[in-house]
Undergrad: 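Below is one structure. I have some questions about it.
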Amino acid sequence: MSVVGARPNFMKVAPILLQLSKYPDEFESVLVHTGQHYDEAMSEVFFRDLGIKKPDFNLSVGSGSHAFQTGEIMKRFEEVCMSHRPDLVLVAGDVNSTVACSLTATKLLIRVGHIESGLRSFDRTMPEEINRIVTDRISDLLFTTEASGNCNLQDEGVPEEKIFFVGNTMIDSLVRCSEVIARTGPGARVIGAGNGPFSLATIHRPSNVDDPDQLQKVLDILRSASRYSPVLFVTHPRTRERMRSLETQMECVEVEGDLQDLKEGVVYLLPPLSYLDFLYLMARATAVLTDSGGIQEETTFLGVPCLTLRENTERPITVQIGSNELVGLDKERILTALDRIFQGSWKNPKVPPLWDGKAAERIVEVLSTIKC
Ligand code: UD1
């Protein structure tokens, strides 16, 4: 039984569902959507882009506080587990749905597999860090994406035989969908963006957008970054909501239709994009400014310079050998980094080990050895 809940889950689980579907005699694969993300832009479009089957169960939990969301998912998921008795529950990443479903399953003595296990920012003010720690602590199969994950789990006393270094299923989706884009084009409303250099920005972490002073700093940074090239700011609903309540509104251009004739010095505001549209833009950006976890990895794979507006990362490989650099909200550091990027003197990134599009194959190989 695979669980998806929020946007970053969909690309991590899609390749596993695809792989499981190749062995119908061996696996009965059931999909549960918790409904943590529920609207067209944050959920449905990803099902289409990634070719994910219609969920067998939708828990329709919706938005709410952390405790509400987690508790409500647990109550509803328990009913599904009781009626369906899966042999294994697969959860991914670090969102509230991940911890809620792993807790529920473990208490019903159902084994749990955690995809993207072992990542640690060592910053317990991040809700995702708590979700990672708890999920890893109670999971039975821990699938890691980079060596730091194995080290963290070993340091926390997880027995070696539970840990499987399999690579990154999110990169599996990226590889597959890049081929789709190459064949058919992005199907995007954003075609015109290909005409000149641009930077791509996504910012939504509570630490960067919930406090108006921090958000103001972020917007000021994006405004300065737009002097190098137009900035396409793809906004998460959380960010958009916080921006509306800011006293001083940033001057920016709302993009509704196609992007054409981008101008330097302008920050363009875009709604949440589909997976294919975002991937298309990310692969063509000169620089990416983000506080997302997954985008640090995707830019590393694509070799696109990435500035992470945080002081830490749970994905250190992207800084050590990838194209990522941590810059916090330090404007000087960011402008110096942009100088290097736009002068073409950014570091030469490498693709991390096992980020080869075959992680889901390795996971399903492990699953086929489990006795039910
Ligand atoms: C969640 C994850 C975060 C991930 C992010 C990606 C947790 C703790 N956080 O944060 O790790 O990076 O998703 O998107 O699980 N909203 C909509 N439409 C939706 C879903 C949400 O408009 O389909 C709005 C909600 O009304 C809410 C806000 O977005 O105000 C936040 O949604 P929520 O699921 O609580 O957390 P995220 O901030 O998205």
Side-chain angles (χ1 to χ4, degrees), residues 3-13 33-50 52 55 58-74 76-77 91-103 114-117 119-121 123-135 170 173 201-211 214-215 218 233-245 269-275 277-278 282 288 290-299 308-310 312-315:
V3 175
V4 292
R7 188 169 57 176
N9 287 159
F10 305 132
M11 42 296 242
K12 290 170 194 168
V13 174
H33 188 349
T34 66
Q36 177 177 346
H37 286 177
Y38 43 84
D39 60 29
E40 161 71 23
M42 298 293 283
S43 175
E44 280 164 40
V45 67
F46 290 87
F47 276 72
R48 286 200 296 277
D49 277 3
L50 293 158
I52 304 176
N58 195 326
L59 308 184
S60 303
V61 70
S63 301
S65 71
H66 284 268
F68 171 85
Q69 217 168 41
T70 309
E72 220 33 59
I73 294 169
M74 286 184 73
R76 298 179 195 194
F77 187 58
V91 296
D94 54 18
V95 300
N96 288 339
S97 302
T98 313
V99 72
C101 293
S102 53
L103 260 173
H114 184 204
I115 298 149
E116 193 191 88
S117 176
L119 297 181
R120 296 288 180 270
S121 64
D123 173 2
R124 290 201 181 191
T125 65
M126 281 179 81
E128 292 82 359
E129 182 74 351
I130 310 298
N131 294 344
R132 290 181 201 115
I133 293 170
V134 175
T135 303
M170 199 183 59
S173 284
T202 75
I203 304 287
H204 76 279
R205 294 258 153 249
S207 58
N208 279 338
V209 304
D210 283 358
D211 172 355
Q214 295 294 98
L215 179 57
V218 168
F233 184 18
V234 181
T235 50
H236 183 280
R238 163 192 285 284
T239 311
R240 190 57 80 99
E241 201 181 296
R242 301 291 188 271
M243 282 175 74
R244 275 193 211 104
S245 54
L269 273 190
L270 277 74
L273 295 179
S274 75
Y275 182 69
D277 284 354
F278 191 79
M282 188 164 45
V288 171
T290 191
D291 60 6
S292 149
I295 292 170
Q296 296 173 54
E297 296 184 338
E298 290 166 335
T299 47
T308 296
L309 277 64
R310 288 172 46 189
N312 55 50
T313 178
E314 58 289 335
R315 294 158 161 91

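Each ligand, and each atom within it, is numbered from 1 in the order the structure gives. Just so you know, these numbers use all the heavy atoms, side chains as well, and skip hydrogens, waters and symmetry mates.
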Undergrad: Should one rank V209, D210, T34, D39 by closest heavy-atom distance to atom 18 (N) of ligand 1, which comes out on top?
TA: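 Nearest option to atom 18 (N) of ligand 1, by heavy atoms: D39.
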
Undergrad: Does E40 pair with R48 as a salt bridge, N-O distance under 4.0 Å?
TA: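 Counted as a salt bridge, because a side-chain N and a carboxylate O are separated by less than 4.0 Å.
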
Undergrad: Compare all side-chain heavy atoms of M42 with those of P237 and state whether any distance is below 4.5 angstrom.
TA: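 In contact.
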
Undergrad: Give me the nearest non-hydrogen protein atom to atom 23 (O) of ligand 1 as residue plus atom name, then the distance to 0.1 Å.
TA: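 I find the closest protein heavy atom is Y38 N, 2.9 Å.
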
Undergrad: If you measure from OG1 on T239 to NE2 on H204, what distance do you get to the nearest 0.5 Å?
TA: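 If we round to the nearest 0.5 Å, T239:OG1 and H204:NE2 are 7.0 Å apart.
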
Undergrad: Applying a heavy-atom cut-off of 4.0 Å, say which part of H37 lies close to ligand 1: side chain, backbone, both or neither.
TA: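 It is both parts that get close, each with some atom under 4.0 Å.
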
Undergrad: Can you name the atoms of ligand 1, numbered from 1 with element, that are less than 4.0 Å from a heavy atom of R205?
TA: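 It comes down to these atoms of ligand 1: 12 (O).
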
Undergrad: Under the ring pair (Phe, Tyr, Trp, His ring centres under 6.0 Å) rule, what do H37 and F46 come out as? Steps first, then yes or no, please.
TA: CA-CA 11 Å; H37 286 177; F46 290 87; 9.1 Å; no

Undergrad: Considering only the protein, which heavy-atom contact is closest to atom 8 (C) of ligand 1, and what is its distance?
TA: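 Here the nearest protein heavy atom works out to N96 OD1, 3.3 Å.
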
Undergrad: Closest non-hydrogen protein atom to atom 24 (C) of ligand 1, residue and atom name please, with distance?
TA: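 Atom 24 (C) of ligand 1 sits closest to the protein heavy atom P237 CB, 3.7 Å.
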
Undergrad: Do D94 and N131 have side-chain atoms, one donor and one acceptor, less than 3.5 Å apart?
TA: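 Per modelled atom types, D94 and N131 side chains form no pair under 3.5 Å.
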
Undergrad: Just by distance, with hydrogens left out, do T202 and S292 show a side-chain donor and acceptor under 3.5 Å apart?
TA: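 Short answer, no.
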
Undergrad: Between D210 and R238, is there a salt bridge with N-O shorter than 4.0 Å?
TA: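 A salt bridge links R238 with D210.
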
Undergrad: Quick one: which of H236, E241, E40 has a heavy atom closest to atom 30 (O) of ligand 1?
TA: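 Ranked by closest heavy atom to atom 30 (O) of ligand 1, first place is E241.
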
Undergrad: Could you state the interatomic distance from CD1 (I133) to CG (L119), rounded to the nearest 0.5 Å?
TA: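 The CD1 atom of I133 sits 11.5 Å away from the CG atom of L119.
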
Undergrad: Please state which option from Q36, M126, E129, E44 has its nearest heavy atom closest to atom 7 (C) of ligand 1.
TA: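 The option holding the nearest heavy atom is Q36.
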
Undergrad: Report the member of R238, R242, H204, M42 with the shortest heavy-atom distance to atom 4 (C) of ligand 1.
TA: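 Residue with the shortest heavy-atom distance to the ligand atom: H204.
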
Undergrad: May I ask you to identify the nearest protein heavy atom to atom 26 (O) of ligand 1, giving residue, atom name and distance to one decimal place in Å?
TA: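 Here the closest protein heavy atom is S63 OG, 3.2 Å.
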
Undergrad: Which is closest to atom 2 (C) of ligand 1 by heavy-atom distance: N9, D291, V95?
TA: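 Ranked by closest heavy atom to atom 2 (C) of ligand 1, first place is V95.
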
Undergrad: Considering only heavy atoms of Q69, which atoms of ligand 1 have at least one such atom less than 4.0 Å away?
TA: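 Every atom of ligand 1 under 4.0 Å from some heavy atom of Q69: 34 (O), 35 (O).
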
Undergrad: Is there a side chain to side chain donor-acceptor pair (under 3.5 Å) between Q69 and S63 once you walk through the steps?
TA: CA-CA 7 Å; Q69 217 168 41; S63 301; 5.0 Å; no

Undergrad: Please verify whether a non-hydrogen atom of P8 lies at under 4.0 Å from ligand 1.
TA: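 Per 4.0 Å heavy-atom rule, P8 contacts ligand 1.
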
Undergrad: For atom 11 (O) of ligand 1, what is the closest protein heavy atom, and at what distance to 0.1 Å?
TA: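 The protein heavy atom lying closest is E128 OE2, 2.7 Å.
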
